[in-house]
Amino acid sequence: MISSRTYAAQRRPILLALLLRLAAAVPVLVGMVIAVFFIAHILPGDPFAHYVSPTLPAAVAEQARRAFGLDQPLGMQFLTWVRHVLVWDFGVSYTTHQSVLSMISQALPVSLILGSSAFIVQVFLALTMALVSVHRPGGRLDRLLSAGGMVLYATPSYFFGILLLAVFSFWLGILPSGHWQSVDASALPPLVLFWDRAVHLVLPVAAIAIPRAAAFARYLRSSLLRTLERPFILAARSQGLSERSVIWNHALPNALMSAISLGGLELGTLLTGTLVTETLFAFPGMGRLTVAAVLSRDYPLLVGCTIVSGCLVIVANSIADVLHAALDPRVRTE
Amino acid sequence: MTTAQSRRRFPWSRVLALAALGSLIAIRWERFSDTLASMALTVGVVFTGSHETPGLWRWEHTQFWLATITLIVLLWLLARPIYFPRRPSTSGSASMRSIRLAFISAANARAALVLCVMGSVGLLAPLLAPNNPLEQGDLSSNRLRPPASSGWYQRGDSDVGVETADMVAQLQRVNLRLARFEATGDPEHAGRTEHLFLLGSDAVGRDVLSRAIIGTRTSLAIGIVAAFGALLLGTIAGLGASLGTTVVNRAVTWTTDVFLSIPSIFLVVALAFFVGGSLWGLIAVLVLSGWMRTARIVRGEMLHLREQEFIQAARLLGVSRIRLVQRHFLPNLVPVLATSTVLLISEMLLAEAALGFLGFGVQPPLPSWGNMLGEAITHLERSWWIAAAPGTCLTIFVLALHHTAERSEAGTRF
């Protein structure tokens with residue numbers, strides 16, 4: 001593809017660009033933090049509604065409320081909370097009494113593994129589909145893939161997941177229906193544990209990746225077809241390069257460039273935990289943690305989850321932007 | 001061109017649609033006539049005004065009024081061009097004309113058919129549904145029945161007794177019958193009645209087909225209202241960002257970025273839980289989480305339009321700002337917005353379904369595609385059919401919307 005030598009001289013500017021891009025994202029991040037905190041706190045609903053028994057004397061309930069700082073005015077609560085967040089302390093969960101950070105650090109790897117493997121599968125599938133389609137545009141295979149891709153693209157991932165579950169897990173009984181490892185996983189030797197987890201990953205990854213791959217393949221296909229019409233492809237062909245070389249060495253790198261920013265967006269949403277899929281497959285990731293936090297009105301946990309995922313989205317987008325700029329000199333704006 | 005052709009050709013599609021609606025009236029004649037009776041009696045009771053009648057406007061029976069009125073309007077709309085053929089009108093405001101153009105150029109027979117059929121199913125839902133979507137019947141016989149098997153429902157005896165001349169008593173009886181989705185007032189049919197579960201029944205013995213039909217109405221109503229709300233909010237924000245002062249511009253752009261950076265499903269779930277419960281709360285949540293893209297599109301398009309000669313000419317002529325927006329900006333935004341609205345509807349439907357699936361959406365007794373899918377997963381091991389109907393409907397509808405959006409995009413960018 002693009003040799004690293006050509007861009008080696010620009011490595012520093014790229015890092016600098018990444019830092020600048022991240023710095024530009026800071027105000028947005030601050031706004032998000034404020035918005036999330038106040039949305040969670042202003043809207044009706046009391047975390048103590050089902051935490052403190054209604055039969056408890058009012059004084060005791062008040063004491064518990066004070067222990068969590070919930071008797072303070074909202075502004076003061078916010079300031080206290082910001083002071084703690086600045087030293088990387090998101091507080092203590094109302095429901096489990098664990099620190100929010102430790103809960104997130106347990107859930108995040110699960111989501112990261114699920115999201116990144118889904119992303120890899122998605123990109124691989126999409127590339128395959130797009131390359132097969134482009135091989136003979138308008139041919140039978142291309143039309144079949146386009147039509148099938150359109151249907152898959154319109155299928156919501158939870159419905160697709162339900163179908164996969166019904167077929168592979170309940171009807172055929174060959175894949176586990178949920179959780180990210182077996183119940184007795186802690187007793188398994190490492191290699192078997194790895195296999196166990198991989199088997200548990202198959203259905204959720206398929207449920208996430210296949211509909212998304214269909215969408216991504218549509219984009220890649222049109223991008224590839226557009227690239228193939230450009231003069232430099234004609235030049236490459238007229239030099240007598242093989243069709244394989246034209247597509248792999250000339251068309252694909254150029255077509256992929258515009259796909260990078262889309263990929264960044266996709267990666268961002270995937271990394272933050274695909275809430276619905278995680279719920280469907282009972283995966284203990286960020287998505288389920290967020291749902292649990294919302295259900296129990298666990299403000300610190302909810303705010304922590306949202307901020308961590310928001311940061312991930314912003315970082316993924318920034319990396320995609322900078323990567324795009326690094327690979328494609330035309331989009332650099334100086 | 002098309003009018004000349006259609007005048008000569010026999011209007012098969014219209015006649016088929018009319019036949020379908022006519023047979024609907026025939027099949028559901030008792031429900032249809034009960035509704036007409038209910039409307040007439042209500043008018044009578046309101047105008048004589050001598051009685052205190054509680055529950056005159058309960059949703060349980062007014063939904064039938066809406067469906068019946070829609071049915072009559074649909075019949076009229078379909079039949080009118082057959083009896084009074086005329087050329088399509090070219091009147092209307094500039095915006096309306098460009099909306100019409102955008103959609104006519106997007107016309108794709110299959111997608112349009114799907115959208116029209118499912119839209120009509122939504123509008124006529126209470127007349128179409130074979131049974132009350134909330135009725136559970138006898139659990140031991142009705143629970144998790146597979147498709148095309150039968151179960152039993154208890155029929156009321158609301159009509160048992162002598163005819164009474166009292167208008168209020170009659171009205172109450174008709175309304176009760178409607179609210180129970182009961183077709184018959186015949187005392188012979190009171191008691192246990194056999195019911196065919198065409199698409200099976202769910203875990204508490206409710207008819208999946210009826211729930212899917214009523215769910216279509218719920219989901220489509222929420223999706224469409226929320227999409228238009230988001231369109232309105234996004235357009236206002238986009239106009240503000242492009243026409244307002246620098247401060248307004250900055251504020252709107254920043255707010256858009258902030259809302260975009262909160263992962264959308266997290267935002268929706270967090271909001272839905274706190275505001276949720278009511279339908280309007282749910283719609284508000286969907287609007288609040290879906291307006292950003294429209295705002296960006298409008299802002300981008302406005303920045304482009306603002307520099308065009310015709311806008312500058314209008315400005316130099318001293319056209320007021322409001323008139324500029326109304327007469328020059330908005331009609332030119334319509335083609336772009338038409339496409340994004342179609343996509344917005346599909347986004348809203350999917351978001352509503354995801355929320356319902358997680359249990360934050362439409363609250364349980366009322367069916368929607370989303371909460372039917374959510375209820376399905378607990379019994380997926382034994383009964384796949386509960387998820388099949390709503391999931392397929394959702395997929396087909398979204399597919400049709402995407403198809404339309406793609407065409408209209410291609411149509412407006414010639």
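This one's a predicted model, so the numbers in the text were calculated from it and none came from an experiment. Within every chain, numbering begins at 1; the chains are lettered A, B, ... in the order of the sequence lines, protein sequences first and strands thereafter.
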Point to revise | Structural part of A/Thr155 lying under 4.5 Å from a heavy atom of chain B | key: both
Revision key, fill the gap. If one checks every heavy atom of A/Tyr153 against chain B at 4.5 Å, the contacting part turns out to be side chain
Mind listing the side-chain donor-acceptor pairs of residues 346-354 of chain B below 3.5 Å, one per line with the distance, residues two or more places apart or on another chain?
unit_1, atom_1, unit_2, atom_2, d
B/Ser346, OG, B/Leu343, O, 3.0
B/Glu347, OE2, B/Arg293, NH1, 3.2
B/Glu347, OE2, B/Arg293, NH2, 3.4
B/Glu352, OE1, B/Ser219, OG, 3.2
B/Glu352, OE2, B/Ser368, OG, 3.0

Review point. How about A/Pro156 and B/Val398: do any of their side-chain heavy atoms sit closer than 4.5 Å?
Key: no
Point to revise | Student check: side-chain heavy atoms of B/Phe357 and A/Leu280 closer than 4.5 Å | key: yes
Revision key, fill the gap. Counting heavy-atom pairs under 4.5 Å with chain A, the top scorer among B/Trp254, B/Trp384, B/Phe397 is B/Trp254
Review point. Got a second to check how far A/Thr279's OG1 is from B/Ile377's CD1, nearest 0.5 Å?
Key: 8.0 Å
Revision key, fill the gap. Rounded to the nearest 0.5 angstrom, the OG1-CG distance for A/Thr290 and B/Leu358 is 10.5 Å
So which part of [X] gets closer than 4.5 Å to some heavy atom of chain A, the side chain, the backbone, both or neither?
| X | result |
| --- | --- |
| B/Thr255 | neither |
| B/Leu380 | both |
| B/Leu394 | side chain |

Point to revise | Test salt bridge (charged side-chain N to carboxylate O under 4.0 Å, His left out) applied to A/Arg218 - qualifying residues, sequence neighbours left out | key: B/Glu406
Point to revise | Whether over 12 other heavy atoms sit under 6.0 Å from A/Phe168 CZ | key: no
